Amino acid sequence: MRYHEDLQEHAMAVAETNLTKPPELVSRERREIRKLGTLVEIGRILADTNALSLALERVLESLGRHHGMVRSFVMLLDRESGILRVEATYGLNLDQARRATYKVGEGVIGRVVQSGKPVVVPQTSQEPLLLNRLRSIEENPSRKEMSFICVPILVENKAIGVIGADRPYKQHRDFDRTTKFLSVISSMIAQALKVEQRFEADKKRLLDENTLLKQELRERYDFSRIIGNSNPMRQVYEQVTQVARTNTTVLLRGESGTGKEMIAHALHYNSLRAAKPFVKVSCAALPDTLIESELFGYEKGAFTGAQARKKGRFELADCGTLFLDEIGDLDLTTQIKLLRVIQEREFERLGGTETIKINVRLIVATNKDLEDAISKGLFREDLYYRLNVFTIFMPALRERKPDILLLAEHFVDKFEREHGKHIKRISTPAIDMLTTYHWPGNVRELENVIERAVLVCESNVIHGHHLPPSLQTAEGSDTVTRLSLTSAMEAYERDLIQDALKTARGNRAKAAKLLDSTERIIGYKVKKYGINCSRFRT
Ligand SMILES: Nc1ncnc2c1ncn2[C@@H]1O[C@H](COP(=O)(O)OP(=O)(O)O)[C@@H](O)[C@H]1O
Ligand SMILES: [Mg+2]
């Protein structure tokens, strides 16, 4: 604006000193200077903006105020649909104008985009091609004759939109100059659009990536990824469904590896906070001296080495969920601080005085016997009551035998994909071993056992001997007595023969070939182990 006025003043001064010049020349000079002023102003508007359509409106307004363009608009091409839409207007009702659209090639505006060349309509009343979709009668009540100028907005020689403007009709008007003037403005707009589009494309790509990642996370912790339909697990699902969408604190209890963390994720991703952060802190992994600063953050200079302010996990989880794993390992001092945060929903950073309000949903987990810890004075009873609002007990794997096979198959699928293997099935003896074992490490242990089996499996069937030694002997299992070497070998041999027969559809000669043996030996072993070959004939 300032520029504009300065330039206008300058123009006056020039005009005064040019009194000797013919008046026509003087007024033309004045107009040129005014145009220059407008260009400077427009450059400034476009450079300063981060909302392009608002900036475009200001550009059009400037054309209206200083250059008699009583009505004007910018239309942009929607690349996907090939339709031109109004982006900004001056002297026209924006909402109404937004409803008007043009196709490339349609009417005067459509032709400007198609050809990439400006069009001038000296008298709008005389031009049948002018579709006048943008103008309603109210906007030109006196029905004065108008001239219409339309220039393309070009990016890399392609029209991506137009500027259109009406000026009152005047005989012998020099449209060439006006067209050039508008073309300069259109190239400035094109530049701004290019910058914005690049920016928008980046933003869109980042947003897309983010959505994808979130989607992936959500899928990973989608209920359907939680395996098990045994009764104890059904009870867990029911509880998760009950509590997920509330803000209630949830306490997850159960042995290590039973899926507490997985359920914590499921609770978050099925809650109203799903789009907000899920932040985990493992209380056992951090020394007592660090846990506080980790949870609550600290101010610069709070202790030696605190060189800058750091946000704690409580702050990072704002509006989301904070998962405190192994809460039973929290030291007593931190327990007191945690209790205060839960009660008052606010805290201060270490070394800070500012009170920070929090909106965090708390999920905690432990494999410890908290009641026992209370009786030993290791866990505060008041904190326990604050946490023990809604408790979900995760069943041990040995208490839900029907799920073992489902989980084993789920992990076979997972790891065969991960390791690029092709595994058809788990042999019956191997399944027996999996189901009789007592799984002290629960699902985590099963997951590890299956990964190892997939890795060492040299065929497409997982056999007993692919499982680790803890499952091979009676030690690992409660039920089977210790096997002698001979009987273990025999069991293995029987496995192999049965599998070969299955592949050979009960044909002993083929099975013998598969095992690099002779039909006679196989026949002998089949009798010895009492294998029924007809079972495999299909
Ligand atoms: N029901 C289940 N379905 C599928 N995977 C499971 C299930 N329960 C546990 N897991 C897997 O077992 C591993 C251990 O689970 P985790 O949640 O970390 O146990 P915890 O926190 O109780 O020690 C994880 O890799 C988890 O994905
Ligand atoms: Mg865990």
Side-chain angles (χ1 to χ4, degrees), residues 216-241 243-244 249-271 278-286 291 294 313 321-330 362-370 373 387 390-419 426 434-435 437-455 467-468 470-471:
E216 226 179 84
L217 272 177
R218 215 165 292 159
E219 270 172 19
R220 195 172 303 167
Y221 298 107
D222 178 6
F223 267 109
S224 61
R225 298 281 181 120
I226 305 178
I227 308 296
N229 53 22
S230 59
N231 281 331
M233 277 312 277
R234 279 169 202 255
Q235 217 168 325
V236 170
Y237 300 145
E238 209 169 284
Q239 285 179 296
V240 170
T241 320
V243 81
T249 301
V250 178
L251 170 60
L252 295 164
R253 301 185 65 169
E255 291 175 17
S256 180
T258 46
K260 296 184 293 296
E261 186 165 346
M262 189 186 61
I263 294 295
H265 275 118
L267 283 167
H268 174 73
Y269 287 105
N270 287 288
S271 79
F278 176 91
V279 176
K280 178 194 163 175
V281 183
S282 177
C283 304
L286 291 162
I291 185 91
E294 199 57 39
R313 303 288 174 102
T321 303
L322 182 66
F323 174 48
L324 298 179
D325 201 4
E326 331 255 15
I327 189 93
D329 292 303
L330 208 60
L362 212 56
I363 300 178
V364 302
T366 186
N367 56 5
K368 289 244 162 87
D369 182 346
L370 288 182
L387 298 175
F390 191 100
T391 301
I392 300 179
F393 284 94
M394 295 303 296
L397 188 54
R398 78 189 84 82
E399 287 157 18
R400 46 188 188 109
K401 296 233 153 159
D403 291 341
I404 293 177
L405 189 56
L406 285 178
L407 280 161
E409 275 167 355
H410 166 75
F411 291 134
V412 167
D413 277 353
K414 175 180 164 188
F415 291 118
E416 97 182 323
R417 242 177 292 135
E418 232 166 76
H419 300 299
I426 308 172
L434 292 171
T435 44
Y437 183 61
H438 65 293
W439 299 109
N442 293 295
V443 185
R444 183 178 293 113
E445 186 181 8
L446 175 61
E447 189 172 5
N448 293 340
V449 162
I450 298 292
E451 178 165 25
R452 173 186 184 274
V454 169
L455 277 171
L467 303 177
S470 51
L471 278 76

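The figures that follow rest on heavy atoms only: side chains count, while hydrogens, waters and symmetry mates do not. Since we're looking at a predicted model, the values are computed, not measured. Start at 1 and go down the list; that is how both ligands and their atoms are numbered.
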Which residue pairs pass the side chain to side chain donor-acceptor pair (under 3.5 Å) test when at least one of the two sits in residues 408-419, sequence neighbours left out?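 Applying side chain to side chain donor-acceptor pair (under 3.5 Å) to every pair that reaches into residues 408-419, excluding sequence neighbours, yields Lys414-Glu447, His419-Glu451.
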
When you compare the side chains of Arg444 and Ser256, does any donor N or O come within less than 3.5 Å of an acceptor on the partner?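 Indeed, the side chains of Arg444 and Ser256 share at least one donor-acceptor pair under 3.5 Å.
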
Regarding Asp403 and Ser230, do their side chains bring together a donor and an acceptor under 3.5 Å, going by distance alone?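 The answer is yes; a qualifying pair exists.
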
Pick one: which of Val443, Val454, Asn448, Ile227 meets side-chain contact (heavy atoms from CB on, under 4.5 Å) with Phe411?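 Among the candidates, only Val443 passes.
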
Under the criterion side-chain contact (heavy atoms from CB on, under 4.5 Å), which of Asp329, Leu324, Leu286 is the partner of Ile291?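 With Ile291 as partner, side-chain contact (heavy atoms from CB on, under 4.5 Å) holds for just one option, Leu286.
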
Ile404 side chain reached by Trp439 side chain, heavy atoms, under 4.5 Å: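 Sidechains of Ile404 and Trp439: in contact.
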
Short N or O separations between ligand 1 and the protein, below 3.5 Å:
from, atom 1, to, atom 2, distance (Å)
ligand 1, 1 (N), Ile227, O, 2.8
ligand 1, 3 (N), Ile227, N, 2.9
ligand 1, 12 (O), Glu447, OE1, 3.3
ligand 1, 17 (O), Lys260, N, 3.4
ligand 1, 17 (O), Glu261, N, 3.1
ligand 1, 17 (O), Met262, N, 3.0
ligand 1, 18 (O), Arg444, NH2, 2.9
ligand 1, 19 (O), Gly259, N, 3.1
ligand 1, 21 (O), Glu261, N, 3.1
ligand 1, 22 (O), Thr258, N, 3.3
ligand 1, 22 (O), Gly259, N, 3.1
ligand 1, 22 (O), Lys260, N, 2.8
ligand 1, 22 (O), Lys260, NZ, 2.9
ligand 1, 23 (O), Gly257, N, 2.7
ligand 1, 23 (O), Arg444, NH2, 3.0
ligand 1, 25 (O), Glu447, OE1, 2.7

